[in-house]
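One structure is given below, encoded as structure tokens.
In what follows, chains carry the letters A, B, and so on, assigned in the order in which the sequence lines appear, proteins first and then strands, with residues in each chain numbered from 1. Any value given below was found using the heavy atoms of this structure, including those in side chains, with hydrogens, waters and symmetry copies removed. None of these values were measured; they are calculated from a predicted model.
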Amino acid sequence: MSKVRTRFAPSPTGYMHVGNLRTALYAFLTARNAGGDFILRIEDTDQERLVDGAVDIIYNTLKENGLVWDEGPDVGGDYGPYVQSERMGIFKDYAVQLVEKGEAYYCFCTPERLAKLHEEQKAAGEAVGHYDRCCRELPREEVERRLNAGEPYVIRQKMPTEGTTYFDDLIYGRVEVENSELEDQILIKSDGMPTYNFANVVDDHLMGITHVVRGNEYLSSTPKYNLLYAAFGWETPVYIHCPPVMKDAHTKLSKRNGDASYQDLVAQGYLKEAILNYLLLLGWSPKGDEEYFTLDEMIKRWNPAWINKAPAIFDIVKLRAFNAQYINRTSDEEFVKLARPYVESVVKRPINLELLCVNLKPRCEILSDIPARVAFIQEMPEYSIELYRNKKFKTTENDALVALEKLLPALEAVQDWSRQGVYDACAPLVAELGVKAGWLLYPLGIALSGMQATPGGGTDVAAVIGKELTLERMRNAIAKLRAEL
RNA sequence: GCCCCCUUCGUCUAGUGGCCUAGGACGGUGGAUUCUCAGUCCAUAAACAGGGGUUCGAUUCCCCUAGGGGGUGCCA
């Protein structure tokens with residue numbers, strides 16, 4: 001058996017949506033799992049959708065996710081060029097070959113005639129759009145004559161009129177259609193350029209693609225592709241059609257709907273490893289209960305036959321959960337690197353960043369959760385002294401005042417201003433007062449942050465923001481309580 | 001209109017005729033634990049679209065219905 005070769009063939013639209021990334025991942029895994037090659041082909045022939053810098057987005061997205069391609073526009077290869085617009089010259093000869101084999105024919109029908117035809121079909125209640133095969137049996141001499149006269153033409157595929165055509169899909173099984181349903185589709189347009197349907201088949205064959213991995217919107221067209229392979233006498237590839245990634249039960253995820261692209265998600269503080277891992281499982285499942293995989297593990301475990309048939313709804317809540325897990329699994333050092341820009345975007349004063357990050361790590365699902373959690377460090381928010389009331393410790397504002405007044409001198413005396421140092425100064429008071437630690441320390445957190453939920457307990461916050469600021473805020477908190485009680 | 005495809009907890013899914021009193025994960029709920037909140041641990045509710053067959057036995061096979069998606073371009 002020949003070496004497995006798969007390709008990812010995106011349009012450079014400037015928007016890598018997660019469904020595309022997933023298709024790229026599946027194609028990559030299908031190749032790598034079999035020890036085969038992964039090819040990148042840029043399909044840039046749709047000028048309307050062409051966007052500057054879009055190719056770089058494709059390169060960068062694949063690269064930063066480790067989806068390394070063996071052949072592509074930038075790295076070359078034996079089957080180039082890998083940019084479709086540079087291949088435009090090669091298709092017409094293949095179409096002419098088919099004409100000579102009697103598998104295709106020249107059609108001189110004008111767009112006007114076709115439009116009229118469609119109207120008539122509509123009026124008669126027939127299937128709209130199907131060409132009436134007017135030029136299919138034109139005498140050879142007439143064809144020659146009109147060609148020589150420079151009449152505009154297209155080349156159409158000659159479809160069988162009876163019987164059925166099928167293909168076997170790895171995911172969907174056998175898909176069969178009546179040949180009578182098939183239209184004599186255009187292969188070469190009047191401008192001499194190939195249609196997508198034609199170029200795609202020729203490109204895949206010329207590039208030696210053995211496994212075609214793509215979205216299932218091509219399911220209905222694939223029988224026609226198989227007919228093309230047969231007309232040329234080429235071997236058909238293994239087809240792997242993937243169900244779409246949905247926004248909800250009715251609509252696909254798309255740029256048009258303003259749905260988040262891969263790069264949007266990264267900008268929001270999702271880790272690329274988490275995104276890829278989530279995408280892996282969106283429509284595919286391994287045998288077994290494990291869910292967290294590195295790229296290497298994905299390659300080992302991959303089996304394209306386990307792709308699910310049904311559409312999958314993209315669930316941001318579950319992605320957040322995956323992201324939280326990935327954040328939790330990073331080392332402390334690594335997390336500091338990730339979190340630093342988010343912290344420093346709002347905190348401009350000196351703090352114990354390492355300690356803050358240790359406390360932040362289990363408390364954020366995505367990196368962009370960070371600013372709102374640490375903003376209090378830069379500036380105390382307005383807050384109500386009602387925050388001091390706590391059911392669990394049965395404390396009131398009055399208790400808080402007592403606690404803070406006890407705490408202040410104890411903390412003023414602390415020399416070792418670390419988390420442990422601060423806590424050691426508080427512990428004796430807990431024993432002395434015969435209260436729970438929370439009774440004493442919960443008010444501290446409020447006094448230092450003006451918030452009920454902080455990254456870490458009172459002693460953590462104190463250690464993070466430093467002695468000077470801690471004492472200042474405690475004094476302010478005591479004054480506020482005295483004034484408002 | 002015609003053609004193709006899909007349908008298991010709210011969501012992602014396991015399940016290929018008996019192992020299913022339908023499993024896991026996220027989310028939900030309840031509890032334990034910690035100086036708040038998280039995290040962690042434990043427990044719990046929650047699904048085979050509907051109707052016919054086939055079979056000793058259907059989530060699994062067949063048919064119909066419903067719902068959904070896609071295709072039907074000189075777009076890709």
Side-chain angles (χ1 to χ4, degrees), chain A residues 9 11 13 43-49 84 107 109 111 114 118 122 125-130 152-156 169 171-173 175-178 180-183 185-191 193-197 199-200 215-223 241 243-244 246 249-252 278 281-291 306 308-322 324-325 328 359-365 373 387 390 392-393 423 426 430 436-446 449 451-461:
Chain A
S11 278
T13 60
E43 307 218 326
D44 61 344
T45 47
D46 187 354
Q47 307 88 337
E48 299 213 346
R49 293 202 289 175
Q84 204 172 46
C107 168
C109 292
L114 262 21
H118 290 171
K122 202 172 180 180
E126 292 171 30
V128 177
H130 276 204
Y153 64 88
V154 300
I155 296 178
R156 289 184 184 268
D169 187 83
I171 311 305
Y172 290 93
V175 177
E176 198 166 5
V177 292
E178 298 286 333
S180 57
E181 294 292 330
L182 271 21
E183 183 184 23
Q185 63 173 346
I186 292 174
L187 269 19
I188 297 292
K189 300 184 271 185
S190 56
D191 62 2
M193 295 297 124
T195 55
Y196 168 81
N197 286 328
N200 196 261
N216 79 354
E217 65 266 27
Y218 295 101
L219 223 41
S220 325
S221 318
T222 303
H241 285 98
M246 310 291 286
H250 308 290
T251 48
K252 260 196 197 186
Y278 173 71
L281 268 10
L282 192 62
W284 180 84
S285 72
K287 301 297 174 196
D289 286 340
E290 303 96 306
E291 294 203 296
W306 298 342
N308 205 49
K309 287 185 178 79
I313 298 172
F314 183 83
D315 182 7
I316 195 73
V317 175
K318 189 151 184 175
L319 207 212
R320 285 186 77 103
F322 265 89
Q325 275 298 319
N328 250 324
N359 283 298
L360 227 33
K361 198 160 71 166
R363 289 178 176 81
C364 57
E365 295 189 304
R373 289 190 170 279
L387 291 188
N390 183 293
K392 189 165 157 192
F393 304 116
Y423 187 79
C426 301
V430 171
K436 286 191 172 181
W439 186 94
L440 186 72
L441 296 170
Y442 176 65
L444 179 61
I446 307 285
S449 69
M451 308 206 305
Q452 274 183 317
T454 55
T459 59
D460 291 290
V461 175

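With a 3.5 Å ceiling on both atom-pair distances, B:G57 lacks any Watson-Crick or G-U wobble partner. Pair assignment for B:A25: B:U11, on the basis of Watson-Crick or G-U wobble contacts that are both within less than 3.5 Å. For B:G67, the paired base is B:C6 (Watson-Crick or G-U wobble, both distances below 3.5 Å). Of the nucleotides present, B:G1 is the one that pairs with B:U72 by Watson-Crick or G-U wobble criteria, both distances under 3.5 Å. Searching all strands for a Watson-Crick or G-U wobble partner of B:C41 with both distances below 3.5 Å returns B:G31. Summarising the base pairing, B:C20 is matched to no nucleotide, lacking a Watson-Crick or G-U wobble pair whose two defining distances lie under 3.5 Å.
Contact annotation: the side chain of A:Leu441 approaches that of A:Cys426 to within less than 4.5 Å [non-hydrogen atoms, C-beta and beyond]. Residues A:Gln185 and A:Thr195 form no side-chain contact, since every pair of their non-hydrogen atoms from C-beta on lies 4.5 Å or further apart. Contact annotation: the side chain of A:Asn308 never approaches that of A:Trp284 to less than 4.5 Å [non-hydrogen atoms, C-beta and beyond]. Between A:Ile171 and A:His241 there is no side-chain heavy-atom pair separated by less than 4.5 Å.
For the pair A:Asn308 CG and B:U59 P, the interatomic distance rounds to 19 Å; values are reported in whole Å. For the pair A:Glu291 CD and B:U13 C1', the computed distance is 9 Å after rounding to whole Å. We find that CG of A:Asp460 is positioned 16 Å from P of B:A38, with the value rounded to whole Å. Rounded to whole angstrom, the span from the CG atom of A:Leu441 across to the C1' atom of B:C35 amounts to 4 Å. Counting to the nearest Å, the P atom of B:G73 and the CG atom of A:Leu182 are 12 Å from each other. Spacing between atom CZ of A:Phe314 and atom P of B:G27 amounts to 15 Å, rounded to whole angstrom units.
Ranking B:U13, B:C6, B:C3 by closeness to the A:Pro311 side chain, first place goes to B:C6. Comparing B:C35, B:A76, B:A14 against the side chain of A:Thr195 picks out B:A76 as the nearest. With distances taken from any side-chain atom of A:Val154 to the nucleotides B:C12, B:C74, B:G69, the minimum falls on B:C74. Listed nucleotides: B:C4, B:U36, B:U11. Nearest to the side chain of A:Ser220: B:C4. Among the nucleotides B:G68, B:G39, B:A76, the one closest to any side-chain atom of A:His250 is B:G68. For A:Glu217, the listed nucleotide lying nearest its side chain is B:G71; candidates were B:U13, B:G71, B:U11. Checking B:A14, B:C12, B:C5 against every side-chain atom of A:Ala312, the shortest atom distance belongs to B:C12. In this structure, of B:C74, B:C35, B:G39, it is B:C74 that holds the atom nearest to the side chain of A:Leu114. With B:C74, B:C2, B:G73 as the candidates, the nucleotide lying closest to the side chain of A:Glu181 is B:C2. The side chain of A:Thr45 lies closest to B:A76 when the candidates are B:A76, B:U36, B:G39.
Side-chain N or O atoms of A:Ser190 include none that pairs as donor or acceptor with a backbone N or O of A:Pro152 at under 3.5 Å. At least one donor-acceptor pair closer than 3.5 Å links the side chain of A:Thr454 to the backbone N or O of A:Gly456.
Contact annotation: A:Lys392 side-chain N/O to B:U36 OP1/OP2 distance is under 4.0 Å. The side chain of A:Lys189 contributes an N or O atom lying less than 4.0 Å from OP1 or OP2 of B:A76. OP1 or OP2 of B:U36 has not a single side-chain nitrogen or oxygen of A:Asn359 nearer than 4.0 Å. Within the structure, every side-chain polar atom (N or O) of A:Ser11 is placed at least 4.0 Å from both OP1 and OP2 of B:A76. Close to B:U40, at under 4.0 Å from its OP1 or OP2, lies a side-chain N or O of A:Gln325.
Across all strands shown, A:Tyr278 has no heavy atoms under 4.0 Å from either base or sugar-phosphate atoms. Nucleic acid contact class of A:Cys109 (heavy atoms, under 4.0 Å, all strands): base. Contacts of A:Ala437 with the nucleic acid, taken as non-hydrogen atoms under 4.0 Å apart, involve only primed sugar atoms and P, OP1 or OP2. Within 4.0 Å of A:Gly283, counting heavy atoms only, lie sugar-phosphate atoms of the nucleic acid but no base atom. Residue A:Gln452 is in base contact, counting any heavy-atom pair closer than 4.0 Å across all strands shown. Nucleic acid contact class of A:Val317 (heavy atoms, under 4.0 Å, all strands): sugar-phosphate only. When heavy atoms are screened at a 4.0 angstrom cut-off, A:Thr454 is found touching base atoms of the nucleic acid. Within 4.0 Å (heavy atoms only), A:Lys361 reaches no atom of the nucleic acid at all. Contact annotation for A:Ser221: no contact, since no heavy-atom pair falls under 4.0 Å across all strands. When heavy atoms are screened at a 4.0 angstrom cut-off, A:Gly445 is found touching no nucleic acid atom at all. At the heavy-atom level, A:Glu176 lies under 4.0 Å from the strands shown only through sugar-phosphate atoms. At the heavy-atom level, A:Glu365 lies nowhere under 4.0 Å from the strands shown. Using a 4.0 Å heavy-atom cutoff across all strands shown, A:Ile186 reaches at least one base atom of the nucleic acid. Contacts of A:Asn390 with the nucleic acid, taken as non-hydrogen atoms under 4.0 Å apart, are absent.
Comparing A:Ile171 and A:Gln84, the nucleotide of RNA chain B nearest to each residue sits closer to the 5' end for A:Ile171. Comparing A:Tyr172 and A:Ala321 by the nucleotide of RNA chain B that holds the closest heavy atom to each, the one mapping nearer the 5' end is A:Tyr172.
To the nearest whole angstrom, the two C1' atoms, one in B:G68 and one in B:G73, are 25 Å apart. The gap from the C1' atom of B:A14 to that of B:G23 amounts to 6 Å, rounded to the nearest Å. Separating the P atom of B:C64 from that of B:C2 is a span of 15 Å, rounded to the nearest Å. To the nearest whole angstrom, the two C1' atoms, one in B:C3 and one in B:A49, are 23 Å apart. A gap of 23 Å separates the P atoms of B:G18 and B:G52, to the nearest Å. Rounded to whole Å, the separation between the P atoms of B:G71 and B:G28 comes to 36 Å. Between the C1' atoms of B:C20 and B:U8, the separation comes to 12 Å (whole Å). Here the separation of B:G27 from B:A38, taken at their P atoms, is 13 Å to the nearest Å.
Judged by distance alone with a 3.5 Å cut-off, a donor-acceptor contact links the side chain of A:Lys318 to the base of B:A25. A donor-acceptor contact under 3.5 angstrom links the side-chain atoms of A:Thr459 to the base of B:C35.
Nearest approach of A:Arg156 to A:Leu187, heavy atoms of both residues: C-CD2, 4.1 Å. The two residues A:Pro455 and A:Asn359 have their closest heavy-atom pair at O-CB, 3.4 Å.
Ring stacking holds between A:Tyr423 and B:C35, with the centres under 5.5 Å apart and the planes within 30 degrees of each other.
With hydrogens and angles left out, the side-chain atoms of A:Tyr196 and A:Gln84 include no donor and acceptor closer than 3.5 Å.
Under the 30°/60° scheme for interplanar angles, the aromatic rings of A:Tyr442 and A:Phe393 are found to be tilted.
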